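Down below is the structure, laid out as C-alpha cells.
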Amino acid sequence: MIPSEVADLRAALLAWYDVHARTLPWRTPPGAEVRTDPYRVWLSEVMLQQTTVPHAAPYFERFTTRWPTVTDLAAVEDADLMAAWAGLGYYARARNLLACARAVANDHGGVFPDTEAALLALPGVGAYTAAAVAAIAFDRAANVVDGNVERVVARLFAVETPVPAARPELKRLAAILVADDRPGDWAQALMDLGSGVCRPKSPLCLMCPISQWCAGRATGEPERYPLKTKKAARPHRQGIAWVLRDGRGRVALVRRPDKGLLGGMTGLPTSDWTETPPDAQPPVAADWAEAGAVDHVFTHFSLTLTVRVATGQGDFLWTPEAVALASLPTVFRKALERALAM
DNA sequence: CATACGTGGGA
DNA sequence: TTCCCAAGTAT
C-alpha cells in the first residue's frame, strides 16, 4: 500500500470513528482534548483482555467506585482484590493488577509512566496493553494490535498465513497504518471497526469505511481471514467438591495456592481433577451425601465436579455464605449453589 | 513456539 | 449440542 493510499484510508476510518465511536466509561471521545485517566485506561484494558465489554463493564464500575485512583488500589488487601475479581476469570490478571498498582504507587510516585517501554515493564502489561495505554491515555503513536486489529489487517491485506504463525506479519502490516495524527483515536477506531463491522462472522463490508482498500473483500470471501490452524480437542476431567456446612449457614472454604488454575482464589475443598474418576478422601470424616454434579468448561479442559455435602465442623477458612456466593470463581459458585439447593 | 489460564454468550 | 470465541500475558 503506497503512502497516499495509507493517508486516504486513515482519513476515512477516522472520519467514520468521529461518527460511530462507542461511548464507554473508560473511553476518550473522538477528538477530546482531555484524555481519560491512565489508571482507568489501564484498568479497562486489563479487564477487557479476552473478555467481552458486557462482562467487564460492571466490574469496571465497581472497581473505580471503590478505588478511584491507582494509589487506592495499591493499598487493597490481596484477598479483597481477588474477591472483587471473582467471576471475571483469568485470575492471574488480578494478581498482576495488584502488583502493577503497587509498582506504580511505589516506583513511579503513583503516576503511570507515559512511554510504551516503561509500561511494558509493569506486571501484567504485555505488548498489546502497553501500546493501548500509550496510545489511548497518552496519545502516543503506538502500534496497538489486538485480536480485532489482527482480523482487520488480515482481511485488508488478504494474509494467507494462518494465525498464530502470522502474528508478526500482521503486526508489521498494522504498523504501516500508524501515524502521529490522532494515535489514540486511531487505535480505538481500528478496534471498533473490528468488533462492530469487520466481525469474525458476517462482516458488514457494505458499511465498512475502508472496504475500497480491502484485498480480503476483493477475494469475495473476507470471512475466510484470518486463516487459523486447527485447535486440539479439549480433554475432560472429573473431580469431587466437598461442601461442609455448620448449623448457622456457614461453609468451609479454602484459599488456593497463588500459582496455577484459579490461583489465589477462595474455593471449595476438592479432590484432584483427573481424566479418570477420583478416589479421594474427604477433608474431614462426616456423613457425606451426594448432591449431584455440575459441569464447567475451562479454556483447556472441561470438568464434571461431583458435589458432596455434610454438616459438621471443619478446620477451614469459614466465610458467611452470602459473601462466598459473591466472591467465588464460577466453578465453585455452581457447586455451592448445587449443594445449598439440597 | 506451545501451553496454561476463565467465563458467558451467540450461532 | 457443540464450537468459537473476546480489547492477552507469562512462562
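Not measured: the values here are computed from a predicted model. In the text below, chain A, chain B and the rest are named by the order of the sequence lines, each starting its count at 1.
Residue pairs meeting the salt bridge (Lys or Arg N to Asp or Glu O under 4.0 Å) criterion with at least one member in residues 127-153 of chain A, sequence neighbours excluded, are A:R35-A:D139, A:D114-A:R140, A:E150-A:R167. Under the salt bridge (Lys or Arg N to Asp or Glu O under 4.0 Å) criterion, the residue pairs touching residues 247-261 of chain A are A:D246-A:R250, A:R255-A:D258, with sequence neighbours excluded.
For the C1' atoms, the distance from C:dA10 to B:dC1 is 14 Å, rounded to whole Å. The same atom, P, is picked in B:dC5 and in C:dA6; the two are 23 Å apart, to the nearest Å.
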Listing time: all N or O pairs from protein to nucleotides 2-5 of chain C that are below 3.5 Å?
{"residue": "C:dC5", "atom": "OP1", "partner": "A:K228", "partner atom": "NZ", "Å": "2.6"}

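Nucleotides of DNA chain B lying under 4.0 Å from heavy atoms of chain A occupy a range whose first and last members, 5' to 3', are B:dA4 to B:dG8.
Summarising the geometry of A:W273 relative to A:L261, their closest heavy-atom pair is CZ3-CD2, 3.4 Å, with the distance given to 0.1 Å.
Considering only side-chain N and O atoms, A:Q50 lies nowhere under 4.0 angstrom from the phosphate OP1 or OP2 of C:dA6.
Residues satisfying the side-chain hydrogen bond (donor to acceptor under 3.5 Å, both in side chains) criterion with A:Y90, sequence neighbours excluded, are A:T299. Applying the side-chain hydrogen bond (donor to acceptor under 3.5 Å, both in side chains) rule to A:T115 yields no partners; only residues at least two apart in sequence or on another chain are considered.
Two residues, A:K259 and A:R27, neighbour DNA chain C, and the one matched to the more 5' nucleotide by heavy-atom proximity is A:R27.
By the 4.5 Å heavy-atom criterion applied to side chains, A:I136 and A:V144 are not counted as neighbours.
When heavy atoms are screened at a 4.0 angstrom cut-off, A:A132 is found touching no nucleic acid atom at all.
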